[in-house]
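Report on one structure; see the data block that follows.
The analysis underlying the following values was restricted to heavy atoms, covering all of them including side chains, and did not include hydrogens, waters or symmetry mates. Here is the naming used below: chain letters follow the sequence lines, and residue numbers restart at 1 for every chain. Computed from a predicted structure; not experimentally measured.
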There are 2 protein chains.
Amino acid sequence: MIDPRGAPAWQQLAALLRARIEAGEWPPGALLPPAPRLRHEYGVGKATVKAAVDALRSDGLVDLERGIGMRVREPVVRERVPVPRAALITARPPTPDERASMAIPEGVHVLEVTVGGRVRGVYPADRTALSTA
Amino acid sequence: MIDPRGAPAWQQLAALLRARIEAGEWPPGALLPPAPRLRHEYGVGKATVKAAVDALRSDGLVDLERGIGMRVREPVVRERVPVPRAALITARPPTPDERASMAIPEGVHVLEVTVGGRVRGVYPADRTALSTA
DNA sequence: AAATATTTGTCCGTATGTATC
DNA sequence: CGATACATACGGACAAATATT
């Protein structure tokens, strides 16, 4: 399954897992096989599995729950947030405070809306769709 | 410098390096000390340095150049892009094609502007500021 | 031109800590 | 309490890209 001469093994593994998730093999809310089993199944080391899983997590496909496993995330419904006129929209990594108060997973950025230099709103980038009037 | 009983060592190291960068110790374009030197200087292992540097990279502070080192990124000038009315703005990870064609570094997302379900533009999230009329 | 050194990338192993069941 | 599972942290080995001699 994994070709040592091609792309890095962790990228190949991430692609394989992503395909199995999107094929519905593990529905939303289900747990993926634990890391040691994936290691055995694909014949790779721990670092490879970790890198692959990190990639899936940063893409918002799975959540890692300590002591539990890797859970497939529910499909996110993006909340529509209206944007005022003359606004500037930028994306940036969240501050530690924002990560805590909004429960923002690792690797997810925030959308910041400013008007005239004043911040009007900060939203998790994976759960938000900004709509202009 | 690094307290084994406090936060994870890689977070502490990332904070220390971030502070030294923001203090101007390594100006934009300069190279940080190589990873083996950081290991010795802070008395940590390889995985710790890697995790800390990964965090700095995902925050857009440094670029990793293979065979060269870790370079402090130039402060990015965000290009202002106008957004039409009745548009929906979302952020997502780039596809491999988009990463290649726009030279998007690892960990950086893209801003997608759609109008009526049709994609009107895709922009690197770290170099773009969308402006509403 | 060619060999050597430096530096990061990837991959493997082990051990210990912590949370959940 | 014990078993399971992820988080953190230590290490080694080799490959790939770059710079230097």
Checklist outcome for this item: note: A:Lys50, atom NZ; D:dC6, atom C1'; distance rounded to Å ~ 10 Å

Checklist entry - Any ion pair linking B:Arg127 and B:Glu79 (charged N to carboxylate O, less than 4.0 Å)? => result no

Item to check | Atom-to-atom span, CD of A:Gln12 to C1' of C:dT10 - whole angstrom | outcome: 12 Å

Checklist entry - Does B:Ala7 offer a backbone N or O that forms a donor-acceptor pair with the side chain of B:Gln12 under 3.5 Å? => result yes

Next on the checklist: Regarding A:Ala51, tell me which of base, sugar-phosphate or nothing describes its non-hydrogen contacts under 4.0 Å with the strands shown.
Outcome noted: nothing

Item to check | Touch class at under 4.0 angstrom, heavy-atom based, for A:Arg39 against every strand present | outcome: sugar-phosphate

Next on the checklist: Here's a test of your reading of the structure: between B:Pro34 and A:Ala9, which maps to the more 5' nucleotide of DNA chain C?
Outcome noted: B:Pro34

Next on the checklist: Please name the nucleotide paired to D:dG2 by Watson-Crick or G-U wobble geometry with both distances under 3.5 Å, or report none.
Outcome noted: C:dC21

Checklist entry - What is the distance, rounded to the nearest whole Å, between atom CZ of B:Arg5 and atom C1' of C:dT18? => result 18 Å

Next on the checklist: Measure CD1/B:Ile68 against P/D:dA16 and give the value in whole Å, please.
Outcome noted: 18 Å

Item to check | Residues B:Arg78, B:Asp126: salt bridge by 4.0 Å N-O rule | outcome: no

Item to check | Residue A:Lys46, side-chain atoms from C-beta onward, closest of C:dA15, D:dG12, D:dA7 | outcome: C:dA15

Next on the checklist: Heavy atoms only, 4.0 Å cut-off, all strands: where does B:Ala35 land among base, sugar-phosphate and nothing?
Outcome noted: sugar-phosphate

Checklist outcome for this item: Which of C:dG17, C:dG9, D:dA13 is nearest the side chain of B:Arg66? It is C:dG9

Checklist entry - How close or far is atom P of C:dG9 from atom CG of B:Asp63, stated in whole angstroms? => result 11 Å

Checklist entry - According to a strict under-4.0 Å criterion, is B:Thr48 in side-chain N/O contact with OP1 or OP2 of D:dC10? => result yes

Checklist entry - Base, sugar-phosphate, or nothing for A:Gly45, non-hydrogen atoms under 4.0 angstrom? => result sugar-phosphate

Next on the checklist: Any carboxylate oxygen within less than 4.0 angstrom of a Lys/Arg side-chain nitrogen, looking at A:Glu65 and A:Arg73?
Outcome noted: no

Item to check | Integer-rounded Å distance: C:dC12 P and A:Tyr42 OH | outcome: 14 Å

Checklist entry - Within this structure, what is the CG-to-P distance between B:Leu64 and D:dT18, rounded to whole angstrom? => result 14 Å

Next on the checklist: Check whether B:Glu98 reaches the backbone of B:Thr95 with its side chain - one donor and one acceptor, N or O, closer than 3.5 Å.
Outcome noted: yes

Checklist entry - Side chain of A:Met70: nearest nucleotide among D:dC10, C:dT10, D:dC6? => result D:dC6

Checklist entry - Which listed nucleotide (D:dT8, D:dC10, D:dA7) is nearest to the side chain of B:Val44? => result D:dC10

Item to check | Separation of atom CG in B:Asp54 from atom P in D:dA9, rounded to whole Å | outcome: 14 Å

